[in-house]
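Positions are given from 1, in the same order as the sequence printed here.
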Amino acid sequence: MPMPTLADLTPLVPEIFVCGAAFALLMVDLFLSDQRRGLTHFLALFILAGAAVLTARDFAMQPVYGFADLFVRDAAGDVLKMAVYAVSAMALVYAKPSLVDRGLFKGEFHVLVLFSALGMMLMISSGSMLTAYLGLELQALAAYGLVAIDRDNARSSEAAMKYFVLGSLASGLLLYGMSMVYGATGSLQLHEISAAVSASGDKTLLLVGVVFMLVGIAFKFGAAPFHMWVPDVYHGAPTAVTLFIGSAPKLAAFGFAYRLLETGVGPIDADWQLMVAWLAALSMIIGNLVALVQTNLKRMLAYSTVSHVGFLFMGLAHGGAAGYSAAMFYAIVYAVTAAAAFGAIVLLSRRGFEADEIADFRGLWARHPLHAMLVMFVMASLAGVPPFIGFWAKLEVLRAALDAGLVWLAIVGVVFAVIGAFYYLRVIKVMFFDEPEGEGASPHPDGQVRALFVVNASALLLLGVFANWILAWCRYAFPV
């Protein structure tokens with residue numbers, strides 16, 4: 001490849017900034033005492049804000065390529081990156097009091113979050129299978145470190161080991177599928193793969209490769225039947241870490257799937273769309289049914305994640321611009337809602353008490369009515385109750401499934417959306433109708449996390465009223 005020019009570097013300005021700033025932050029943190037660790041926290045938020053400004057300043061109206069088409073910057077990528085910055089910043093603010101209480105407020109957390117965000121940015125803007133895989137591994141390795149950050153906790157260490165082993169297996173399968181696609185097309189560039197697929201006669205090797213790639217994509221999403229890591233990792237990791245890995249990476253996973261499936265092997269979409277549809281159905285069925293019997297809130301939200309991935313896959317199964325815009329809308333809405341759901345656990349926890357059991361929320365309405373109301377907003381949005389934004393997200397992907405002629409999948413979605421509402425309503429019932437026991441959960445005294453939760457939960461209702469604004473950006477990213 002020739003030496004990079006200014007034209008190659010310009011599209012990567014946000015990525016270069018985040019990469020350089022993350023390394024600089026790692027060095028700065030070496031000279032800070034534990035009492036001054038707040039500076040690392042502030043600088044991490046500043047870096048995410050700076051990346052958002054750089055992305056918005058040169059918002060890509062048309063696709064721009066760099067480094068011999070290894071990197072592509074377009075409207076879809078920029079919209080997803082802006083969402084990644086916002087959700088990552090929310091995760092940092094939510095995490096601070098929780099990490100301080102548990103003695104885990106270290107600079108490594110912030111640096112790993114930034115490197116994970118950088119990996120997501122590369123996944124979202126990959127123009128080649130090489131770039132996509134490098135971004136995926138950067139994001140995943142940082143996530144493994146985050147899950148294991150509580151080194152003295154046996155459950156966290158076990159969760160990190162399971163995540164690492166299963167993640168490595170999924171990465172191997174993904175890489176094996178990519179090698180088959182390369183063997184069938186002779187290229188790693190996604191647009192060249194698309195052209196080769198269109199001209200190819202025998203597609204047997206190509207289809208086998210696509211199956212293996214779908215397995216890797218399904219694992220990164222946490223889709224059934226490749227979801228076995230989700231409940232253990234969500235439960236075992238510190239709640240602050242669970243909040244991050246349960247929200248922002250879903251945005252990157254959507255961008256990753258779009259690049260590989262549509263940009264790369266889009267010409268054979270009729271073959272992989274049916275596979276995605278069955279993954280969607282399995283995820284909704286398994287996720288909702290197993291979530292019904294959970295008593296631990298983090299495990300319930302983990303299986304809930306599996307079911308929500310199923311709804312997101314309904315949009316991917318459409319395969320057209322309407323389906324991708326619906327799936328992007330769902331990914332953004334779910335990331336913001338998941339941050340609020342795990343944020344509720346962070347908010348109501350304190351030193352020596354983790355509010356991660358559904359029973360811990362008993363009688364919250366009697367003790368703290370405002371926060372009980374806000375938690376109800378979160379659960380209602382997850383359940384898809386109108387007028388919360390979660391309802392409009394579900395409606396969009398159901399409409400996309402119907403447009404694609406997948407009536408059976410839409411019926412499965414409606415049935416299991418109703419079934420799934422039960423376990424969200426159970427949390428509401430416990431808060432409003434059960435008698436409080438003992439001291440119970442109470443809001444954390446940290447003013448920043450309380451203010452963020454109020455804004456985050458209230459936004460689920462307010463954005464429901466103005467859902468067309470977000471949906472318009474998603475449709476702009478995928479013009480018909």
Residues 264-275, side-chain donor-acceptor partners within the protein, below 3.5 Å, at least two apart:
from	atom 1	to	atom 2	distance (Å)
Asp269	OD2	Gln273	NE2	3.3
Trp272	NE1	Val265	O	3.1

Side-chain atoms of residues 103-112: list all donor-acceptor pairs with protein atoms under 3.5 Å, sequence neighbours left out, distances to 0.1 Å.
from	atom 1	to	atom 2	distance (Å)
His110	ND1	Lys106	O	3.3
His110	NE2	His41	ND1	3.3

Name the atoms and distances for all side-chain donor-acceptor pairs under 3.5 Å in residues 322-338, with sequence neighbours left out.
from	atom 1	to	atom 2	distance (Å)
Tyr324	OH	Glu262	OE1	2.7
Ser325	OG	Ala321	O	3.1
Ser325	OG	Ala322	O	2.9
Tyr330	OH	His308	ND1	2.7
Tyr334	OH	Thr305	OG1	2.5
Thr337	OG1	Val333	O	2.7

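Residues forming a side chain to side chain donor-acceptor pair (under 3.5 Å) with Ser171 (at least two apart in sequence, or on another chain): Glu137. Residues that satisfy the side-chain contact (heavy atoms from CB on, under 4.5 Å) test with Val455, not counting sequence neighbours, are absent from this structure. Residues satisfying the side chain to side chain donor-acceptor pair (under 3.5 Å) test with Glu192, not counting sequence neighbours, are Ser187. For Thr55, the side chain to side chain donor-acceptor pair (under 3.5 Å) partners are Tyr85, not counting sequence neighbours. Taking the salt bridge (Lys or Arg N to Asp or Glu O under 4.0 Å) definition, one finds that Glu15 meets it with Lys81, sequence neighbours left out. Scored by the salt bridge (Lys or Arg N to Asp or Glu O under 4.0 Å) test, Asp356 finds no partners at all (sequence neighbours excluded). With sequence neighbours excluded, no residue forms a side chain to side chain donor-acceptor pair (under 3.5 Å) with Lys96.
For Phe115 and Phe23, the ring centers sit closer than 6.0 Å to each other. Phe244 and Phe342 have their aromatic ring centers separated by at least 6.0 angstrom. Ring to ring, Phe221 and Phe226 are not that close: their centroids are 6.0 angstrom or more apart.
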Do Met123 and Lys220 pass the side-chain contact (heavy atoms from CB on, under 4.5 Å) test, and can you show the C-alpha distance, the side-chain angles, and the key distance before you say yes or no? CA-CA 12 Å; Met123 291 167 66; Lys220 295 305 176 184; 5.9 Å; no
Steps toward side-chain contact (heavy atoms from CB on, under 4.5 Å) verdict (Leu9, Phe67): CA-CA 8 Å; Leu9 296 174; Phe67 287 93; 3.7 Å; yes
CA sep, side-chain torsions, deciding dist, call: Leu48, Leu92, side-chain contact (heavy atoms from CB on, under 4.5 Å): CA-CA 10 Å; Leu48 290 171; Leu92 288 176; 3.8 Å; yes
Walk me through whether Arg102 and Asp150 qualify under salt bridge (Lys or Arg N to Asp or Glu O under 4.0 Å). CA-CA 9 Å; Arg102 289 150 187 80; Asp150 190 0; over 6 Å; no
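Of all the heavy atoms in Ser381 and Leu460, the pair that sits closest is CB-CD1, 4.0 Å. Heavy atoms only, all atoms of each residue included: Arg259 and Ser126 are closest at CD-O, 3.5 Å. Taking each heavy atom of Ser247 and Val87 in turn, the nearest pair found is OG-CG1, 3.3 Å. Across Pro231 and Ala302, no two heavy atoms sit closer than the pair CA-CB, 3.6 Å. In terms of heavy atoms, Val197 sits closest to Lys203 at O-CE, 3.5 Å. Taking all atoms of both residues into account, the shortest heavy-atom contact from Ile47 to Ala22 is CD1-N, 4.4 Å.
A distance-only check finds no donor-acceptor pair linking the side chain of Thr263 to the backbone of Leu190 [under 3.5 Å]. Not a single donor-acceptor pair under 3.5 Å links the side chain of Ser116 to the backbone N or O of Ala143. The backbone N or O of Tyr234 lies less than 3.5 Å from a partner atom in the side chain of Thr242, making a donor-acceptor pair. At least one donor-acceptor pair under 3.5 Å links the side chain of Ser198 to the backbone N or O of Ser194. Although no hydrogens or angles enter the test, the distance criterion places no donor-acceptor pair under 3.5 Å between the side chain of Thr131 and the main chain of Phe71. Proximity of a side-chain donor or acceptor of Arg73 to a complementary backbone N or O of Asp58 within less than 3.5 Å is detected. Looking at Lys394, its side chain does come within 3.5 Å of a backbone N or O of Leu382 through a donor-acceptor pair.
Counting only heavy atoms from C-beta outward, the side chains of Pro14 and Met121 approach each other to under 4.5 Å. Side-chain contact between Leu207 and Val211 is absent, with no heavy atoms from C-beta onward closer than 4.5 Å. Contact annotation: the side chain of Ser156 never approaches that of Val147 to less than 4.5 Å [non-hydrogen atoms, C-beta and beyond]. Contact of the Leu174 side chain with the Phe256 side chain is registered, since non-hydrogen atoms from C-beta on lie closer than 4.5 Å. By the 4.5 Å heavy-atom criterion applied to side chains, Leu297 and Ile345 are counted as neighbours. Using a 4.5 Å cut-off on side-chain heavy atoms (C-beta onward), Leu406 and Met314 make no contact. Residues Val378 and Tyr424 are not in side-chain contact: their nearest non-hydrogen atoms beyond the backbone lie 4.5 Å or more apart. A heavy-atom distance below 4.5 Å is found between the side chains of Pro225 and Leu282.
We find the CD-CE distance between Glu357 and Met300 to be 11.5 Å, quoted to the nearest 0.5 Å. Rounded to the nearest 0.5 angstrom, Leu134 CG and Leu138 CG are separated by 8.5 Å. Atom CG of Leu301 is separated from atom OG of Ser307 by 10.0 Å, given to the nearest 0.5 angstrom. Here the CG-CE distance, from Leu173 to Met178, works out to 12.0 Å after rounding to the nearest 0.5 Å. Taking OG1 from Thr185 and CE from Met180, the interatomic distance works out to 13.0 Å, rounded to the nearest 0.5 Å. Taken from CG in Leu398 to CG in Leu409, the straight-line distance is 8.5 Å, to the nearest 0.5 Å.
Using modelled atom types and a 3.5 Å distance limit, the side chains of Asp69 and Gln189 yield no donor-acceptor pair. Judged by distance alone, the side chains of Asn288 and Tyr423 do bring a donor and an acceptor atom under 3.5 Å apart.
More than 12 heavy atoms of other residues, nucleotides or ligands shown are found within 6.0 angstrom of OH on Tyr476. Atom OH of Tyr182 has 12 or fewer heavy atoms from other residues, nucleotides or ligands within 6.0 Å.
The salt bridge (Lys or Arg N to Asp or Glu O under 4.0 Å) analysis of residues 231-255, with sequence neighbours excluded, yields the pairs Lys162-Asp232, Asp232-Arg299. Residue pairs meeting the ring-ring contact (aromatic ring centres under 6.0 Å, His included) criterion with at least one member in residues 127-173, sequence neighbours excluded: Tyr144-Tyr163, Tyr144-Phe164, Tyr163-Trp229.
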